[in-house]
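Reckoned from all heavy atoms, side chains included, excluding hydrogens, waters and symmetry mates.
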Amino acid sequence: MFVVIVALVGWQLYKSRQNRLAAEEYVRAVDFYHNGKYKEALDALGRLEIYRSSYYSRLGLLYQANAQAALADTGRAAETLHRLLDQEKKDPLLRQSAYVALAYNQEQRSQWADAAQSFAEAEKLPGPLKSDATLGKGQSYEQTGNLKEAVAAYKKFLTDNPDSDRSSEITVRLQELQAKIAQTPAK
């Protein structure tokens, strides 16, 4: 029994030390990122790989993707975001953030249908980016030519966010799309 207790205490001490070291590396990387030193941030974020079991490692992947995007490496940024989504299954905010970042990445590469799907996944998750995801989904559907889905997304945005600063803009956009749909001959 004593051996088990000592082993558990030892494991907890080791895990705590790993989390502390990961946090220190993460703070260093985020500081580089916020100072526009994206290559240095990527180097520091890469060192988080040795702390895979730490939450900071997964959070670091989001910053890694953002730094890659800032360096115009959108392909690698998308790969990093997919890796994050594969690894992180529990934290809805981190998943929502990753889906929104992936959707913006896909928009940059004119992958509108993929962006709409990523925004839709982000919209399903609880968190502060839900309205951004709904609006992004509408814009992406509009780019694909799927006006009915765009209208549905814009209506949902207005219903869920009646006091938004963007309500007037979205209302006008919604009216324009509804007029286009009405002018389209039925097949």
Side-chain angles (χ1 to χ4, degrees), residues 14-146 149-150 152-154 156-157:
Y14 171 78
K15 201 170 170 183
S16 293
R17 182 176 183 276
Q18 292 297 95
N19 276 330
R20 183 180 49 78
L21 292 172
E24 290 170 4
E25 197 65 56
Y26 173 78
V27 167
R28 187 176 346 226
V30 169
D31 187 48
F32 283 134
Y33 177 84
H34 286 293
N35 286 306
K37 298 178 179 179
Y38 303 118
K39 290 181 181 179
E40 291 89 344
L42 287 172
D43 290 341
L45 290 164
R47 289 189 291 275
L48 282 172
E49 282 289 316
I50 61 173
Y51 307 109
R52 262 186 227 130
S53 65
S54 171
Y55 178 74
Y56 293 103
S57 175
R58 294 182 302 283
L59 191 55
L61 288 174
L62 184 60
Y63 271 96
Q64 187 175 359
N66 288 337
Q68 290 163 336
L71 293 170
D73 195 350
T74 55
R76 278 187 58 211
E79 290 171 13
T80 301
L81 290 165
H82 282 292
R83 196 170 79 207
L84 171 56
L85 288 166
D86 288 342
Q87 289 179 15
E88 180 55 57
K89 301 295 183 188
K90 294 179 183 175
D91 184 343
L93 177 58
L94 188 53
R95 288 185 61 76
Q96 187 182 59
S97 298
Y99 274 121
V100 168
L102 180 59
Y104 287 138
N105 177 290
Q106 291 162 330
E107 283 183 335
Q108 284 184 312
R109 295 182 293 143
S110 299
Q111 297 173 339
W112 304 109
D114 292 337
Q117 184 60 41
S118 294
F119 278 128
E121 291 299 321
E123 183 184 38
K124 293 176 191 175
L125 296 166
L129 301 175
K130 189 179 282 279
S131 63
D132 292 341
T134 303
L135 188 56
K137 182 175 76 168
Q139 293 166 336
S140 294
Y141 275 131
E142 190 175 345
Q143 289 294 322
T144 67
N146 189 339
E149 289 294 331
Y154 291 146
K156 181 171 180 9
F157 177 84

Between [X] and [Y] (side chain of the first, backbone of the second, donor and acceptor by atom type, cut-off under 3.5 Å), is there such a pair?
| X | Y | answer |
| --- | --- | --- |
| Ser57 | Ser54 | no |
| Gln64 | Leu45 | no |
| Asn35 | Asp31 | yes |
| Glu107 | Ser110 | no |
| Asn146 | Tyr141 | no |
| Glu123 | Ala133 | no |
| Arg47 | Glu25 | no |
| Gln68 | Asp73 | no |

For the residue pair [X] and [Y], what are the closest heavy atoms and their distance?
| X | Y | value |
| --- | --- | --- |
| Pro92 | Leu125 | O-CD1, 4.0 Å |
| Val100 | Ala122 | CG2-CB, 3.6 Å |
| Ala103 | Ser118 | CB-CB, 3.7 Å |
| Ala153 | Lys137 | CB-CE, 3.9 Å |
| Leu85 | Arg95 | O-NH1, 2.9 Å |
| Leu102 | His82 | CD2-CE1, 3.6 Å |

* To do: Would you tell me whether Gln117 and Glu121 have side-chain atoms, one donor and one acceptor, within less than 3.5 Å of each other?
  => yes

* Please check if the distance between the ring centroids of Tyr104 and Tyr99 is under 6.0 Å. => no

* Salt bridge Glu24-Arg28, side-chain N to carboxylate O under 4.0 Å -> no

* Is any NZ, NE, NH1 or NH2 atom of the basic residue among Glu49 and Arg58 found under 4.0 Å from an Asp or Glu carboxylate oxygen of the other? -> no

* To do: Let me see the working for Lys156 and Glu149 under salt bridge (Lys or Arg N to Asp or Glu O under 4.0 Å), right down to the final yes or no.
  => CA-CA 11 Å; Lys156 181 171 180 9; Glu149 289 294 331; over 6 Å; no

Around atom [atom1] of [X], are there more than 12 heavy atoms from other residues, nucleotides or ligands closer than 6.0 Å?
| X | atom1 | result |
| --- | --- | --- |
| Tyr33 | OH | yes |
| Lys89 | NZ | yes |
| Lys37 | NZ | no |

For the residue pair [X] and [Y], establish whether any side-chain heavy-atom pair is separated by less than 4.5 Å.
| X | Y | answer |
| --- | --- | --- |
| Leu81 | Leu62 | yes |
| Gln96 | Pro126 | no |
| Leu71 | Leu42 | yes |

* Asked: How are the rings of Tyr26 and Tyr56 set relative to one another: parallel (under 30°), tilted (30 to 60°) or perpendicular (over 60°)?
  -> tilted

* Take Asn66 and Tyr38 through the side chain to side chain donor-acceptor pair (under 3.5 Å) test and state the conclusion after the steps. => CA-CA 9 Å; Asn66 288 337; Tyr38 303 118; over 6 Å; no

